[in-house]
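In what follows, a structure is listed as structure tokens, so that the remarks can point back to it.
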Number of protein chains: 2
Amino acid sequence: MTTMTARERRAAQKSEYDAFLALCPTRQLFATISDKWVGLVLVALADGPQRYNALSRIVAGISPKMLTQTLRTLERDGMIQRTVTASVPVRVDYDLTALGRELLPLMVGIKQWAQDHMDAVIGARHLFDRRDDAQA
Amino acid sequence: MTTMTARERRAAQKSEYDAFLALCPTRQLFATISDKWVGLVLVALADGPQRYNALSRIVAGISPKMLTQTLRTLERDGMIQRTVTASVPVRVDYDLTALGRELLPLMVGIKQWAQDHMDAVIGARHLFDRRDDAQA
DNA sequence: CAGCATCCTGTAGGATACTG
DNA sequence: CAGTATCCTACAGGATGCTG
């Protein structure tokens with residue numbers, strides 16, 4: 001095992017990342033992309049670039065603070081691109097990068113899953129609460 | 001449009017759920033499944049039932065409080081099943097339900113994505129911070 | 001229009017200790 | 001073993017007002 005190829009070493013390296021481990025950097029990355037605002041903003045960019053105010057309309061209920069904060073995080077992590085067009089007033093567009101576009105399907109899937117299974121979840125909650133009442 | 005078939009009505013009904021809307025119940029469901037502990041616990045159940053203490057070992061760093069809280073939420077929402085075996089000491093197993101198993105691939109995908117793209121994200125962060133320093 | 005700065009609050013969630 | 005109960009606090013995140 002002292003004679004691993006570069007490819008093998010890289011594969012071994014990759015497998016060292018594990019979000020189950022509290023101190024692994026991927027734990028933090030997992031937490032970031034498992035954020036409600038992050039997910040919704042990414043999905044909001046699915047159909048192409050959007051401007052700041054458009055995003056705040058699509059992702060209804062997000063505060064300017066959280067929108068800005070989410071966009072900064074995503075930009076820093078290389079998932080979206082921020083483009084400023086110098087005009088009066090200034091115009092800013094946000095667009096997915098290649099990296100962001102790779103993550104997009106997962107996020108769309110989650111949003112879709114929630115919408116597709118809402119009724120089932122509501123049913124499960126009723127059952128659970130009913131059974132819980134009987135106990136108490 | 002007063003003559004929709006049952007199928008059409010159901011489709012229309014489904015499309016009324018939209019997690020982009022602040023007050024849609026799916027917004028809350030989306031938030032729930034976009035939770036770091038929820039995701040990790042679900043993935044921890046991928047290979048079959050697990051006991052409480054096993055889960056706390058797999059999902060390293062989770063506090064008893066958050067583990068219990070997460071398990072309760074998932075049970076109530078119908079994604080996991082809690083089974084108590086009366087013995088001394090008592091034995092409790094958690095397992096995915098059919099509903100949970102439908103969600104699992106998405107969660108596994110997210111965790112895998114984080115691990116697969118950690119290096120790219122680290123690189124993006126360096127670039128961003130460097131550019132940011134130059135500005136300041 | 002696209003934010004940033006500030007203030008303020010609730011609460012997520014960790015640490016710890018105890019129990020059937 | 002599988003939790004519950006309690007305490008405590010850092011920070012998520014909303015509201016508001018200002019600016020280039």
Side-chain angles (χ1 to χ4, degrees), chain A residues 19-23 27-41 44-45 49-77 80-95 128 132 135-136, chain B residues 21-23 27-41 44-45 49-77 80-95 128 132 135-136:
Chain A
F20 277 142
L21 306 177
L23 299 180
R27 167 67 69 88
Q28 189 272 324
L29 180 56
F30 182 85
T32 297
I33 63 183
S34 298
D35 174 75
K36 124 182 111 158
W37 296 129
V38 164
L40 290 173
V41 165
L45 292 169
Q50 298 287 351
R51 300 173 65 175
Y52 186 89
N53 280 340
L55 286 173
S56 74
R57 255 174 276 116
I58 297 172
V59 184
I62 193 172
S63 65
K65 177 179 172 182
M66 288 317 294
L67 180 53
T68 300
Q69 184 174 309
T70 302
L71 289 169
R72 280 296 164 280
T73 301
L74 288 174
E75 188 194 359
R76 186 169 113 95
D77 284 358
I80 64 174
Q81 168 99 31
R82 179 173 182 270
T83 309
V84 182
T85 306
S87 58
V88 184
V90 67
R91 172 198 178 108
V92 181
D93 284 273
Y94 292 93
D95 197 6
F128 184 90
D132 221 45
Q135 299 273 353
Chain B
L21 306 176
L23 300 181
R27 167 67 68 90
Q28 189 271 325
L29 180 56
F30 182 85
T32 297
I33 62 183
S34 298
D35 174 74
K36 128 182 106 155
W37 296 129
V38 164
L40 291 174
V41 166
L45 292 170
Q50 298 287 351
R51 299 172 66 173
Y52 186 90
N53 280 341
L55 285 173
S56 74
R57 256 173 275 117
I58 297 173
V59 184
I62 191 171
S63 64
K65 178 180 172 182
M66 287 317 294
L67 180 53
T68 299
Q69 184 174 308
T70 302
L71 289 170
R72 282 292 167 285
T73 301
L74 288 174
E75 188 193 359
R76 186 169 111 95
D77 284 359
I80 65 175
Q81 168 100 30
R82 179 174 182 270
T83 308
V84 182
T85 306
S87 58
V88 183
V90 68
R91 172 198 179 107
V92 181
D93 286 273
Y94 293 93
D95 196 6
F128 184 90
D132 222 44
Q135 299 273 352

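Note: hydrogens, waters and symmetry copies are ignored here, and every other heavy atom, side chains too, is used. Proteins get letters first, then strands, A, B, ... in listed order; numbering begins at 1 in each.
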Distances for protein N/O vs nucleotides 1-3 of chain C N/O pairs under 3.5 angstrom?
residue: C:dC1; atom: O3'; partner: A:R51; partner atom: NH2; Å: 3.3
residue: C:dA2; atom: OP1; partner: A:R51; partner atom: NE; Å: 2.9
residue: C:dA2; atom: OP1; partner: A:R51; partner atom: NH2; Å: 3.3
residue: C:dA2; atom: OP2; partner: A:N53; partner atom: N; Å: 3.2
residue: C:dA2; atom: OP2; partner: A:N53; partner atom: ND2; Å: 3.3
residue: C:dG3; atom: OP1; partner: A:R82; partner atom: NE; Å: 3.4
residue: C:dG3; atom: OP1; partner: A:R82; partner atom: NH2; Å: 2.7
residue: C:dG3; atom: OP1; partner: A:Y94; partner atom: OH; Å: 3.4
residue: C:dG3; atom: OP2; partner: A:Y94; partner atom: OH; Å: 2.5

At what distance, to the nearest 0.5 angstrom, does [atom1] of [X] lie from [atom2] of [Y]?
X     : Y     : atom1 : atom2 : result
A:R51 : A:S56 : CZ    : OG    : 11.5 Å
A:W37 : A:I62 : CH2   : CD1   : 5.0 Å
A:L55 : A:L40 : CG    : CG    : 11.0 Å
B:R82 : B:D95 : CZ    : CG    : 14.0 Å
A:L71 : A:I80 : CG    : CD1   : 4.5 Å

If I take atom [atom1] in residue [X] and atom [atom2] in nucleotide [N], what distance separates them, rounded to the nearest angstrom?
X     : N      : atom1 : atom2 : value
B:L55 : D:dG3  : CG    : C1'   : 13 Å
A:L67 : D:dA12 : CG    : P     : 16 Å
B:M66 : D:dA10 : CE    : P     : 18 Å
B:I62 : C:dA15 : CD1   : P     : 12 Å
B:K36 : C:dG13 : NZ    : P     : 6 Å

task: May I ask you to test the B:D77-B:L29 pair for a side-chain heavy-atom distance under 4.5 Å?
output: yes
- prompt: For the residue pair A:A60 and B:A22, what are the closest heavy atoms and their distance?
  reply: O-CB, 3.7 Å
message: Can a side-chain donor-acceptor contact be found between A:Q28 and A:T32 if the only test is distance below 3.5 angstrom?
response: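 Indeed, the side chains of A:T32 and A:Q28 share at least one donor-acceptor pair under 3.5 Å.
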Protein-nucleotides 5-8 of chain C N/O pairs under 3.5 Å:
none

